[in-house]
Amino acid sequence: MDPGDAAILESSLRILYRLFESVLPPLPAALQSRMNVIDHVRDMAAAGLHSNVRLLSSLLLTMSNNNPELFSPPQKYQLLVYHADSLFHDKEYRNAVSKYTMALQQKKALSKTSKVRPSTGNSASTPQSQCLPSEIEVKYKMAECYTMLKQDKDAIAILDGIPSRQRTPKINMMLANLYKKAGQERPSVTSYKEVLRQCPLALDAILGLLSLSVKGAEVASMTMNVIQTVPNLDWLSVWIKAYAFVHTGDNSRAISTICSLEKKSLLRDNVDLLGSLADLYFRAGDNKNSVLKFEQAQMLDPYLIKGMDVYGYLLAREGRLEDVENLGCRLFNISDQHAEPWVVSGCHSFYSKRYSRALYLGAKAIQLNSNSVQALLLKGAALRNMGRVQEAIIHFREAIRLAPCRLDCYEGREQKYEDGIALLRNALANQSDCVLHRILGDFLVAVNEYQEAMDQYSIALSLDPNDQKSLEGMQKMEKEESPTDATQEEDVDDMEGSGEEGDLEGSDSEAAQWADQEQWFGMQ
């Protein structure tokens, strides 16, 4: 038998043995003796012995640097990858990126030649085409490192370099999320769709598409085949419909649709559905039902973290500070690597009027999750109450960008209404929501745009005929008469020349109006 063929056969037998070693007798001593040191490193890596791999591969790489002829190029490539993997496991991401980069450079040089350079110390090495770590997987690991280092542009660049046909579902999913975060909606949609093409039950990819305004019917069509062929998936089309309502801001229909799902016997007491209901009730201003759903979800899953920041905020608003403190302690015992425990503890500090501590806790939560709306509102509210208004506004605006239906009040002059009006118009361009229309109506009244304010109240009532605040706003406007307007103009004239005193005198009434929207604008 040709020596090359013999080496390939031996390598194949060794791979088969590792797959079935639990039911096979021990590997023959003769074959064990012919394993080279790289084979042992690879086996330890596969066994999850990361600290052992790190130590051994570091020593072997030093030996290779001192004697470049010691290992073949394929073996050097493997050593670099396994060493980088061990660094990744130890969360040394910059170091891991460095070693992955060196591995890819080694692989590139290796690809330029089809002839293997013989190694002096490992004559029994397997052919270079055998058992080499995937270059695609190396690039994915590099992208993971970059995301952990908050270098999203570098992560996108490394994944973009992978040809489309070679992208696995997890690569497409990571790309979709990164594109979305960067505001690149079109490539994000394309990547999410590719995930669904390969894995039609990837529900998070479905949510990603819906959040990017892809129609629910289009998304549902991509799952139709699996719904029709796989048993017990009749609920999926309704689930997609429910979250399509969520992402278009139709809270009432989203609530009713999820309730219909939750009432089905097979999906009853699902924690994710209960959490979604709690969040929807919160968005709709129904804090009582929101708290009830959060409590129900928490009882079913005592280790639940998602949504607990909003739950803690609601408890704090109700003055249940002892419950908030207990909730924060419980969440920290579960994980301190999520934003929610820090936000909950921050809410306890904020409502205890310990604003400096609330500021610190909010900042820590943002470090862990820069997209945490509740953390941004907490930090903004703490800054505002400490008199650092301009810094607070930056955080409120970022919260508004992430979640347009969760606005906060601006301190300062009338400009705050104009800013709010602009933000609300942008939000309503993408979704129609009763509360947003009502708040826009309130703001328009504040800047004397009465006719458009009436239109906004009418739209709000058409979406929810039971919205009492919209009805009250409309009725108040209908009672306005022209002499009142003239009196207001005279009052303004009387204030001319009074400097800032006029602004200060009007601040209490403005604050009261904005405070009326507290549950939608954040913490007061």
Side-chain angles (χ1 to χ4, degrees), residues 7-8 10-19 21 27 31-111 113 116-149 155 158-159 161-162 166 168 170-171 174:
I8 293 174
E10 179 180 316
S11 176
S12 300
L13 289 172
R14 191 179 291 120
I15 293 171
L16 285 171
Y17 177 80
R18 279 196 291 272
L19 291 173
E21 60 182 342
L27 196 67
L31 194 56
Q32 287 189 32
S33 65
R34 298 184 64 181
M35 288 179 63
N36 61 51
V37 68
I38 308 300
D39 294 330
H40 286 285
V41 174
R42 181 176 57 248
D43 287 351
M44 287 194 296
L49 300 176
H50 304 291
S51 61
N52 299 274
V53 170
R54 177 170 181 169
L55 285 170
L56 180 57
S57 60
S58 174
L59 294 167
L60 295 176
L61 285 169
T62 301
M63 293 167 61
S64 177
N65 291 336
N66 290 324
N67 181 3
E69 300 297 319
L70 188 62
F71 298 112
S72 67
Q75 291 175 324
K76 182 74 175 289
Y77 168 69
Q78 292 179 77
L79 272 178
L80 285 166
V81 172
Y82 296 137
H83 187 62
D85 286 346
S86 67
L87 293 170
F88 179 89
H89 183 266
D90 287 343
K91 301 182 180 180
E92 296 184 23
Y93 301 116
R94 292 193 187 281
N95 199 355
V97 166
S98 173
K99 298 305 185 293
Y100 282 131
T101 302
M102 293 170 64
L104 289 178
Q105 291 170 347
Q106 182 74 26
K107 184 66 164 60
K108 186 176 181 180
L110 180 63
S111 301
T113 174
V116 183
R117 178 178 52 145
S119 60
T120 59
N122 292 276
S123 59
S125 62
T126 58
Q128 69 177 37
S129 60
Q130 301 295 313
C131 305
L132 291 184
S134 164
E135 185 177 352
I136 304 300
E137 183 66 20
V138 169
K139 290 182 177 180
Y140 178 79
K141 283 285 186 64
M142 285 185 71
E144 283 191 304
C145 290
Y146 282 131
T147 58
M148 297 303 296
L149 295 169
I158 195 72
L159 294 179
I162 301 174
Q166 295 180 23
T168 61
K170 69 177 181 180
I171 289 173
M174 181 182 281

Inset, instruction - Taking ring-ring contact (aromatic ring centres under 6.0 Å, His included) as the test, write out the residues that go with Y93, two or more places apart. - result: F88

Inset, instruction - With sequence neighbours excluded, tell me which residues meet ring-ring contact (aromatic ring centres under 6.0 Å, His included) with Y146. - result: none

Legend entry - Side chains of F71 and V37 in contact at under 4.5 Å (non-hydrogen atoms): yes

Inset, instruction - Take H83 and L80, measure what side-chain contact (heavy atoms from CB on, under 4.5 Å) needs, and give me the verdict at the end. - result: CA-CA 5 Å; H83 187 62; L80 285 166; 5.8 Å; no

Legend entry - Nearest non-hydrogen partners of L159 and Y140, listed with the distance: CD2-CA, 4.2 Å

Throw together a table of side-chain donor-acceptor distances under 3.5 angstrom for residues 132-139, partners on residues two or more places apart or in other chains.
from : atom 1 : to   : atom 2 : distance (Å)
S134 : OG     : I136 : N      : 3.2
S134 : OG     : E137 : N      : 3.2
E137 : OE1    : K170 : NZ     : 3.1
E137 : OE2    : K170 : NZ     : 3.0

Inset, instruction - Kindly give the heavy-atom pair with the smallest separation between A96 and C145, and that separation in Å. - result: CB-SG, 3.9 Å

Inset, instruction - Look at the side chain of N66 and the backbone N and O of T62, then say whether any donor-acceptor pair between them is shorter than 3.5 Å. - result: yes

Inset, instruction - Could you tell me whether a side-chain N or O of S98 sits under 3.5 Å from a main-chain N or O of R94, the two making a donor and an acceptor? - result: no

Inset, instruction - Kindly give the heavy-atom pair with the smallest separation between S57 and V53, and that separation in Å. - result: OG-O, 2.6 Å

Legend entry - Pairwise salt bridge (charged side-chain N to carboxylate O under 4.0 Å, His left out) hits with a residue in residues 71-86, at least two apart: D85-K141

Legend entry - Whether D39 side chain and N36 backbone form a donor-acceptor pair below 3.5 Å: yes

Inset, instruction - Check side chain to side chain donor-acceptor pair (under 3.5 Å) between E92 and all other residues, then give those that pass, not counting sequence neighbours. - result: R54

Legend entry - Residue pairs passing the salt bridge (charged side-chain N to carboxylate O under 4.0 Å, His left out) test where at least one lies in residues 57-66, sequence neighbours excluded: none

Legend entry - side chain to side chain donor-acceptor pair (under 3.5 Å) against S86, all qualifying residues, sequence neighbours excluded: none

Legend entry - Inter-residue atom distance H40.NE2 - L49.CG, 0.5 Å rounding: 13.0 Å

Inset, instruction - With rounding to the nearest 0.5 Å, note down the distance linking CE in M63 to CG in L70. - result: 5.0 Å

Legend entry - From T101 atom OG1 to I158 atom CD1, the distance as rounded to the nearest 0.5 Å: 7.0 Å

Inset, instruction - Quick one: pull up CG in L56 and CG in L61 and give me the separation to the nearest 0.5 Å. - result: 9.5 Å

Legend entry - Set of side chain to side chain donor-acceptor pair (under 3.5 Å) partners for K99, sequence neighbours left out: N95

Legend entry - Partner set under side chain to side chain donor-acceptor pair (under 3.5 Å) for Y77, not counting sequence neighbours: none

Legend entry - Step-by-step side-chain contact (heavy atoms from CB on, under 4.5 Å) determination, L104 to M142: CA-CA 10 Å; L104 289 178; M142 285 185 71; 3.4 Å; yes

Legend entry - Stepwise side-chain contact (heavy atoms from CB on, under 4.5 Å) test for T168 and I171: CA-CA 5 Å; T168 61; I171 289 173; 3.4 Å; yes

